Amino acid sequence: MLAFSVSFFALALGAVSAFALPATDTTSMKRADLGPWCNGLGIGAIGDQADFKLTAYNTTGGPNVNATGAPLVLAPSPSYPNGLSVYALSTYATYPHDDYPTMSIVNGRLFPKGRYPAAGAGVATGEEVEFVAGPFTRAAYYPQQYCVVAETSSHAQSHENLLAVNGDVAGFSLCALGSQYHVVYKPTSGKKYDLQSCYSIFLQVIRAE
């Protein structure tokens, strides 16, 4: 379930200006420019990051499909009111389509790039990592929660940069939901996904070629 209320999204849809990413160099930011969404991540924290893909790297000691982990894509979730489209972060193996081939982080916000304008919704304990697409207008409506940690930092136990949310790289899992596997933040009981199927992952940030 989205962390935002329907009324919040209705406000976003009611705005009149056209949606656009901020005009900025999204390759990297200086340490002095990092926001609080990168707090606690140490000297390896990176600010803005452009044009990358996400993969799920199994951290339980189980097998990985390759050295960088399972490719992830945006899979449609049930429609929400007010014309919004909601997407979950799913493995490509269980949803073999990719309408949003790359992503960027700008000022702590996560933006998939693809068929329609889209942005990362709020991430909450026990919930899927979700994205919203539709005729919304301003990047400022979406939460500043995301940061990248360099693979050379003490947080990165793999060979690729990692995605963090609220300063946490270790809270993500893959969980079965129907025929798909979705990324969930700190899985809990009483949700639609199968809690017994969940296993811990890192979200690896892979530079798009």
Side-chain angles (χ1 to χ4, degrees), residues 1-2 41 44 46 49-78 85-105 110-115 118-133 145-153 155-188 191-209:
M1 180 179 293
L2 289 173
L41 293 174
I46 301 171
Q49 188 80 33
D51 298 328
F52 60 85
K53 298 175 179 287
L54 289 176
T55 65
Y57 187 85
N58 188 342
T59 63
T60 67
N64 281 286
V65 295
N66 54 49
T68 59
L72 297 172
V73 295
L74 270 62
S77 289
S85 296
V86 179
Y87 293 82
L89 197 56
S90 173
T91 61
Y92 179 82
T94 60
Y95 183 76
H97 307 279
D98 194 4
D99 292 331
Y100 293 87
T102 63
M103 299 186 184
S104 293
I105 293 178
L110 186 57
F111 297 104
K113 295 181 179 180
R115 186 175 181 182
V123 179
T125 295
E127 303 298 342
E128 298 171 60
V129 176
E130 291 184 322
F131 300 82
V132 177
Q145 293 182 288
Y146 294 97
C147 192
V148 175
V149 182
E151 59 89 14
T152 54
S153 78
H155 293 274
Q157 301 173 29
S158 65
H159 301 294
E160 304 290 344
N161 293 349
L162 303 180
L163 186 70
V165 63
N166 297 328
D168 180 16
V169 299
F172 299 107
S173 292
L174 275 179
C175 302
L177 180 58
S179 62
Q180 298 178 11
Y181 268 83
H182 290 184
V183 176
V184 177
Y185 183 64
K186 296 183 176 180
T188 58
K191 303 296 183 179
K192 292 182 179 180
Y193 51 81
D194 178 6
L195 183 61
Q196 298 303 313
S197 71
C198 298
Y199 61 92
S200 297
I201 59 169
F202 283 144
L203 290 182
Q204 298 202 136
V205 175
I206 311 297
R207 177 72 66 177
E209 296 180 356

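As the structure is a prediction and not an experimental result, all values here were calculated from the model. No hydrogens, no waters, no symmetry mates; every other heavy atom, side chains included, goes into these values.
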All heavy atoms of Ala208 vs all of Thr102, minimum pair found to be CB-CG2, 3.7 Å
Can Asp51 and Lys113 be said to form a side chain to side chain contact (heavy atoms under 4.5 Å, CB included), step by step? CA-CA 8 Å; Asp51 298 328; Lys113 295 181 179 180; 3.0 Å; yes
Inter- and intrachain pairs under side-chain hydrogen bond (donor to acceptor under 3.5 Å, both in side chains), touching residues 169-178, at least two apart: none
Measure across Leu177 and Lys192 and return the closest heavy-atom pair with its distance rounded to 0.1 Å. CD1-O, 3.3 Å
Could you check whether any side-chain heavy atom of Leu72 comes within less than 4.5 Å of a side-chain heavy atom of Met103, counting everything from C-beta outward? no
Can you name the residues that form a side-chain hydrogen bond (donor to acceptor under 3.5 Å, both in side chains) with Lys191, not counting sequence neighbours? Glu127
What's the spacing between Phe52 CZ and Asn161 CG if we round to 0.5 Å? 10.0 Å
Side chains of His182 and Cys175: closer than 4.5 Å at any heavy-atom pair? no
Give me the atom names and distance for the closest heavy-atom approach of Val65 to Pro71. CG2-CD, 4.4 Å
The side chain to side chain contact (heavy atoms under 4.5 Å, CB included) partners of Pro96 (sequence neighbours excluded) come to Tyr92
Thr91: side-chain hydrogen bond (donor to acceptor under 3.5 Å, both in side chains) partners, not counting sequence neighbours: Thr94
Distance-only, no hydrogens or angles: does the Glu160 side chain make a donor-acceptor pair with backbone N or O of Ile206 under 3.5 Å? no
Heavy-atom closest contact (Ala164 atom, Gly167 atom, distance): CB-C, 4.4 Å
Leu162 and Val205, any side-chain heavy atoms less than 4.5 Å apart: no
Of all residues at least two apart in sequence or in a different chain, which pass the side chain to side chain contact (heavy atoms under 4.5 Å, CB included) check with Asn64? Tyr57, Asn58
Can you name the ring-ring contact (aromatic ring centres under 6.0 Å, His included) partners of Tyr185, sequence neighbours left out? Phe172
What closest approach, in Å, do Ala121 and Gln145 show between heavy atoms, and which atom pair accounts for it? O-OE1, 3.9 Å
Could you check whether any side-chain N or O of Ser197 sits under 3.5 Å from a backbone N or O of Ala176, counting only pairs where one atom can act as donor and the other as acceptor? yes
Given the rule in the ring pair (Phe, Tyr, Trp, His ring centres under 6.0 Å) test, do Tyr100 and Phe131 qualify, once you have shown the distances and angles that lead to the verdict? CA-CA 11 Å; Tyr100 293 87; Phe131 300 82; 8.3 Å; no
Closest non-hydrogen atoms of Glu130 and Ser77, given as atom of the first, atom of the second and distance, are OE2-OG, 4.2 Å
side-chain hydrogen bond (donor to acceptor under 3.5 Å, both in side chains) filter on Ser179, not counting sequence neighbours, yields none
Does any non-hydrogen side-chain atom of Leu54 lie less than 4.5 Å from one of Val183? no
Do Ile105 and Leu163 come close enough that some side-chain heavy atom pair is under 4.5 Å? yes
Sorted by chain and number, sequence neighbours left out, side-chain hydrogen bond (donor to acceptor under 3.5 Å, both in side chains) with Thr59 holds for none
Working to the nearest 0.5 angstrom, can you tell me the gap between Ile46 CD1 and Cys147 SG? 7.5 Å
Member of Thr60, Thr55, Leu174 meeting the side-chain contact (heavy atoms from CB on, under 4.5 Å) criterion with Ile201: Leu174
Results of ring-ring contact (aromatic ring centres under 6.0 Å, His included) for Tyr193 - residues two or more places apart only: none
